[in-house]
Amino acid sequence: MGRVHEYLSSKVSNGEKLHFTLIDPDKVGDLGKLEKFANELAGYGTDAFLIGGSLGVTPDEADEVAKVLKKTGLPVIVFPGNLNCITRYADAILYMVLMNSLDTYYLIEAQIAAAPLIKKYGLETLPTGYVVFYNETAVAHIGRIYPIPITKPEIILAYGWAAEMLGMKYIYLEAGSGSSKPVPPIFPKLIKQHTSLTVIVGGGIRSVEVARDIVGSGADIIVTGTIVEEKPELLPNIIKVIKK
Ligand code: 1GP
């Protein structure tokens, strides 16, 4: 595996908890402000930047945002809503299978279409099983999600084991950007207990208390996105509670 995987896995295997900041290039107005804010986030201790969005990201926007974020020295990882998010200026890409999609595009076609671009750009791939909860967000709609029953958390183990058997190293449990509720902590807890996957959790994490619950569940990496746009002043404390 490559440099970014080494960086992440050495931290995770040391028992560190990580925070990723998600930047949606479609929502970045001023690149100068982004640069200042990205440096502040690096100072607070965020571990990497994700770039992506479900809709409206132009390849130019993805390039420009990646170039700015790279200046922090932290890894910049594409978190692709689709092929338009793939930028050569990133370090790596979450090479994802949307495991609970009903659409063959998100199960295998997008990965095939992306592979030649990823080769050409020399991006490191982080093989990731992506599981989307609930039905209310853009990713759930666009990704044609078959919902995970919240009252049957043990079902997630079938996804975790399948991801492991397919050779994936990461699983991303996603409530969807802007979700009114996060993924229930029992889901990352079960995956952590019964697989060796690195567990990423994101969506709807907008308070210190929720971040604490998710990190307490055993999640390795917590992603926050919406809060960057809506209440950035909360980020230092959220990062602090994750990294404590
Ligand atoms: C979305 O998990 C990320 O893909 C972050 O979600 O925007 O709700 O923080 P939020």
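All residue numbers in this chain count up from 1 along the given sequence. Note that the structure is a prediction, hence the values are computed from the model and not measured. As the structure lists them, so they are numbered: ligands from 1, and atoms in each ligand from 1.
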Testing I77, L126, I51, I86 for side-chain contact (heavy atoms from CB on, under 4.5 Å) with I93, which one passes?
->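 The passing option is I86.
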Ring pair (Phe, Tyr, Trp, His ring centres under 6.0 Å) against Y130, all qualifying residues, sequence neighbours excluded |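 Ring pair (Phe, Tyr, Trp, His ring centres under 6.0 Å) check on Y130 returns F79, Y172.
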Please confirm whether K181 makes a cation-pi placement over Y134, using NZ or CZ under 6.0 Å from the six-membered ring centre and within 45° of the ring normal.
->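 Yes, cation above the ring, under 6.0 Å and within 45°.
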Pair T137, S179: side-chain N/O donor-acceptor within cut-off below 3.5 Å =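 No, S179 and T137 have no side-chain donor paired with an acceptor closer than 3.5 Å.
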Kindly indicate, with the supporting measurements, whether the criterion side-chain contact (heavy atoms from CB on, under 4.5 Å) is fulfilled by L34 and L69.
-> CA-CA 8 Å; L34 176 67; L69 296 176; 4.2 Å; yes
N/O pairs closer than 3.5 Å, ligand 1 and protein:
residue: ligand 1; atom: 2 (O); partner: Y172; partner atom: OH; Å: 2.9
residue: ligand 1; atom: 2 (O); partner: E174; partner atom: OE1; Å: 2.8
residue: ligand 1; atom: 2 (O); partner: E174; partner atom: OE2; Å: 3.4
residue: ligand 1; atom: 2 (O); partner: G203; partner atom: N; Å: 3.0
residue: ligand 1; atom: 4 (O); partner: E174; partner atom: OE1; Å: 3.4
residue: ligand 1; atom: 4 (O); partner: E174; partner atom: OE2; Å: 2.4
residue: ligand 1; atom: 6 (O); partner: G203; partner atom: N; Å: 3.3
residue: ligand 1; atom: 7 (O); partner: S177; partner atom: OG; Å: 2.6
residue: ligand 1; atom: 7 (O); partner: T226; partner atom: N; Å: 2.7
residue: ligand 1; atom: 7 (O); partner: T226; partner atom: OG1; Å: 2.5
residue: ligand 1; atom: 8 (O); partner: G178; partner atom: N; Å: 2.8
residue: ligand 1; atom: 8 (O); partner: G204; partner atom: N; Å: 2.8
residue: ligand 1; atom: 8 (O); partner: T226; partner atom: OG1; Å: 3.4
residue: ligand 1; atom: 9 (O); partner: G225; partner atom: N; Å: 2.8
residue: ligand 1; atom: 9 (O); partner: T226; partner atom: N; Å: 3.2

Carefully, step by step, assess H5 and Y170 under the rule ring pair (Phe, Tyr, Trp, His ring centres under 6.0 Å).
-> CA-CA 10 Å; H5 178 68; Y170 299 82; 5.5 Å; yes
